[in-house]
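Notes follow once the structure below has been shown.
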Amino acid sequence: MQSNHSNRITPSHITSLGPNEIFVFGSNLQGMHGGGAARAARLYFGAKMGVGVGPQGSSYAIPTMQGGPETIQPYVDEFVEYASQHPEQVFLVTPIGCGIAGFEPADIAPLFANVVGVDNIYLPKSFWDVLA
């Protein structure tokens with residue numbers, strides 16, 4: 001575990017993005033961004049209706065509504081690979097899956113265990129607390 005991740009905590013309420021910041025949100029596979037962080041992504045950060053996975057505008061969708069955490073892991077892995085290939089961007093991961101999808105941070109945070117060494121990925125404090 002990185003000894004100091006305090007500089008990599010996603011703000012609890014994101015209303016705007018700085019240059020090269022990307023809003024990472026939980027979505028559904030159909031890309032129906034109607035509520036929660038997905039709605040904010042659509043209204044403010046360029047998420048496209050009908051696109052449930054990957055980069056779009058200043059956002060990145062990770063599907064969380066299709067089953068248990070094991071069904072989310074491949075999408076998290078794909079995201080981490082994408083973020084690793086885009087070091088010029090800062091990815092602000094919201095507490096994906098912990099709203100409408102109904103999971104707890106203890107369910108989702110372990111899916112991000114491999115981001116410890118990826119300096120451009122920020123996680124919610126609740127996720128870091130689980131990973132510590």
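Heavy-atom basis, side chains included; hydrogens, waters and symmetry copies ignored.
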Is the backbone of [Y] close enough, under 3.5 Å, to the side chain of [X] for a donor and an acceptor to pair up by distance?
| X | Y | result |
| --- | --- | --- |
| Gln66 | Leu29 | no |
| Thr10 | Val93 | yes |
| Ser27 | Gly52 | yes |
| Arg8 | Leu123 | no |

Side-chain contact, heavy-atom cut-off 4.5 Å: [X] with [Y]?
| X | Y | answer |
| --- | --- | --- |
| Thr94 | Leu92 | no |
| Val115 | Val76 | no |
| Ile108 | Cys98 | yes |
| Ile14 | Glu21 | no |
| Phe103 | Ile72 | yes |
| Gln56 | His33 | yes |
| Phe79 | Ile121 | yes |

Parallel, tilted or perpendicular, as decided by the 30° and 60° cut-offs, for the rings of Phe127 and Phe112: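 Rings of Phe112 and Phe127: tilted, 30 to 60°.
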Which class fits the ring pair Tyr60 and Tyr82: parallel under 30°, tilted 30 to 60°, perpendicular over 60°? tilted
Out of curiosity, [X] [atom1] to [Y] [atom2], how far, rounded to the nearest 0.5 Å?
| X | Y | atom1 | atom2 | result |
| --- | --- | --- | --- | --- |
| His86 | Ile22 | NE2 | CD1 | 9.0 Å |
| Phe45 | Ser16 | CZ | OG | 6.5 Å |
| Asn120 | Gln85 | CG | CD | 11.0 Å |
| Phe23 | Leu17 | CZ | CG | 7.5 Å |
| Tyr75 | Thr64 | OH | OG1 | 11.0 Å |
| Met65 | Ile96 | CE | CD1 | 12.5 Å |

Tell me whether [X] shares a hydrophobic cluster with [Y], the cluster being built from Ile, Leu, Val, Met, Phe, Trp, Tyr side chains joined at under 4.5 Å.
| X | Y | result |
| --- | --- | --- |
| Val118 | Ile9 | yes |
| Val90 | Val80 | no |
| Ile62 | Val116 | yes |

For [X] against [Y], the heavy-atom pair lying closest together:
| X | Y | result |
| --- | --- | --- |
| Val53 | Pro63 | CG2-CG, 3.4 Å |
| Ser59 | Gly46 | OG-C, 4.1 Å |
| Pro110 | Val130 | CD-CG1, 4.2 Å |
| Ser84 | Pro87 | O-CD, 3.8 Å |

More than 12 foreign heavy atoms under 6.0 Å from CD of Glu104: is that the case here? no
